[in-house]
Amino acid sequence: QVELVESGGGSVQPGGSLRLSCETSGYAYDRSCMGWFRQAPGKERDRVAAIYTGNGDSKTADSVKGRFTVSQDKAKGTLYLQMNDLQPEDSAVYYCAAATTWIGSCLGPPWIIVYTYWGQGTQVTVSP
């Protein structure tokens with residue numbers, strides 16, 4: 001049974017930082033595609049970061065580039081999202097996701113990747 005558990009969310013002021021973690025179990029972590037997504041109320045769920053766990057190659061969305069960094073601890077099967085200079089528009093529920101099927105690169109558009117497994121989400125709130 002595959003399980004993804006996110007943690008690290010919370011409330012911060014603009015300009016603050018948070019580090020999200022996604023612990024995996026039961027998932028073939030190595031050489032896989034994983035991603036971080038977020039969804040704000042009334043908005044679509046967007047991918048903010050993608051990573052190929054085999055070599056750590058990663059990509060972040062333009063909206064968070066230079067502020068968010070995705071990383072991993074392969075030995076622990078854990079994914080991280082370091083979020084700096086948080087702004088109110090970053091407020092959302094953040095999810096990690098693990099893929100089972102993809103076409104080409106893990107860093108390609110999310111519609112070519114089948115993210116089969118999802119965590120329960122962790123709330124991030126940025127307000128003065």
Side-chain angles (χ1 to χ4, degrees):
Q1 181 180 352
V2 176
E3 189 173 18
L4 308 179
V5 180
E6 301 101 337
S7 61
S11 296
V12 296
Q13 294 183 339
S17 297
L18 287 172
R19 189 193 194 203
L20 306 184
S21 299
C22 173
E23 297 182 18
T24 71
S25 61
Y27 178 64
Y29 185 88
D30 196 14
R31 302 177 192 176
S32 297
C33 293
M34 294 194 70
W36 283 101
F37 291 74
R38 68 184 181 186
Q39 188 168 22
K43 295 189 177 180
E44 294 185 354
R45 184 172 57 193
D46 292 324
R47 192 180 69 182
V48 296
I51 186 170
Y52 175 59
T53 62
N55 61 10
D57 281 353
S58 65
K59 180 179 180 179
T60 51
D62 289 343
S63 59
V64 304
K65 198 173 296 292
R67 301 187 297 121
F68 290 15
T69 304
V70 59
S71 62
Q72 63 174 347
D73 184 330
K74 287 180 67 172
K76 295 182 178 179
T78 299
L79 196 64
Y80 302 100
L81 185 67
Q82 178 67 44
M83 306 185 295
N84 298 327
D85 191 24
L86 284 161
Q87 301 299 317
E89 55 266 30
D90 296 317
S91 297
V93 178
Y94 283 72
Y95 301 89
C96 68
T100 53
T101 306
W102 58 91
I103 300 173
S105 170
C106 287
L107 309 186
W111 51 87
I112 67 169
I113 302 170
V114 179
Y115 290 100
T116 301
Y117 303 109
W118 294 81
Q120 82 286 355
T122 185
Q123 177 71 47
V124 171
T125 302
V126 186
S127 63

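In this text, all values refer to a predicted model and were calculated from it rather than measured experimentally. When reading the values below, keep in mind they use all heavy atoms of this one structure, side chains included, and skip hydrogens, waters and symmetry mates.
None of Leu86, Asn84, Asp85 except one satisfies the side chain to side chain contact (heavy atoms under 4.5 Å, CB included) rule with Phe68; the exception is Leu86. Considering Leu79, Leu4, Thr53 as possible partners of Thr24, the one that fulfils the side chain to side chain contact (heavy atoms under 4.5 Å, CB included) test is Leu4. A side chain to side chain contact (heavy atoms under 4.5 Å, CB included) with Val124 is found for exactly one of Val12, Leu20, Val93, namely Leu20.
Other residues, nucleotides and ligands contribute at most 12 non-hydrogen atoms within 6.0 Å of the CD atom of Gln13.
In summary, Asp30 and Lys74 engage in a salt bridge, as defined by a charged side-chain N under 4.0 Å from a carboxylate O.
Linking ILVMFWY residues whenever their side-chain heavy atoms come closer than 4.5 Å, directly or via other members, leaves Val114 and Trp111 in distinct clusters. Both Tyr115 and Ile112 are assigned to one and the same hydrophobic cluster, defined by single-linkage of ILVMFWY side chains at heavy-atom distances under 4.5 Å. If you chain together hydrophobic residues whose side chains sit under 4.5 Å apart, Val64 and Leu107 never meet in one group. Cluster membership for Ile113 and Trp36, using ILVMFWY side-chain heavy atoms within less than 4.5 angstrom, is not shared.
Counting only distance, with no hydrogens or angles, the side chain of Ser91 and the backbone of Val126 share a donor-acceptor pair below 3.5 Å. Side chain of Tyr95 to backbone of Arg47: no donor-acceptor contact under 3.5 angstrom is found. Between the Lys65 side chain and the Thr60 main chain, a donor and an acceptor come within less than 3.5 Å of each other. Within the 3.5 Å criterion, the main-chain N or O of Ala61 finds no donor-acceptor partner in the side chain of Ser63. Checked by atom type and distance alone, the side chain of Glu6 pairs as donor or acceptor with a backbone atom of Cys96 at under 3.5 Å.
Atom OG of residue Ser7 and atom OH of residue Tyr94 lie 15.0 Å apart, to the nearest 0.5 angstrom. Summarising the geometry, atom CE belonging to Met83 is positioned 11.0 Å from atom OG1 belonging to Thr69; distances are rounded to the nearest 0.5 Å. Here OG of Ser127 is found 12.0 Å from CD of Gln87. Values are rounded to the nearest 0.5 Å. The CD atom of Gln72 sits 10.0 Å away from the OG atom of Ser32 when rounded to the nearest 0.5 Å. Within the model, atoms CG of Asp57 and CD1 of Ile51 stand 8.5 Å from one another, a figure rounded to the nearest 0.5 Å. Atoms CG and OG1, from Leu18 and Thr122 in turn, are 8.5 Å apart once rounded to the nearest 0.5 Å.
With ring centers used as reference points, Trp118 lies under 6.0 Å from Phe37.
The shortest heavy-atom contact between Cys33 and Trp102 is SG-CD2, 3.2 Å. Across every non-hydrogen atom of Gln123 and Ala92, the tightest pair is NE2-O, 3.4 Å.
Cation-pi geometry between Arg19 and Tyr80 is met: the NZ or CZ atom falls under 6.0 Å from the ring centre, inside 45° of the normal.
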**Chi angles and distances behind the side-chain contact (heavy atoms from CB on, under 4.5 Å) call for Met34, Tyr52** = CA-CA 7 Å; Met34 294 194 70; Tyr52 175 59; over 6 Å; no
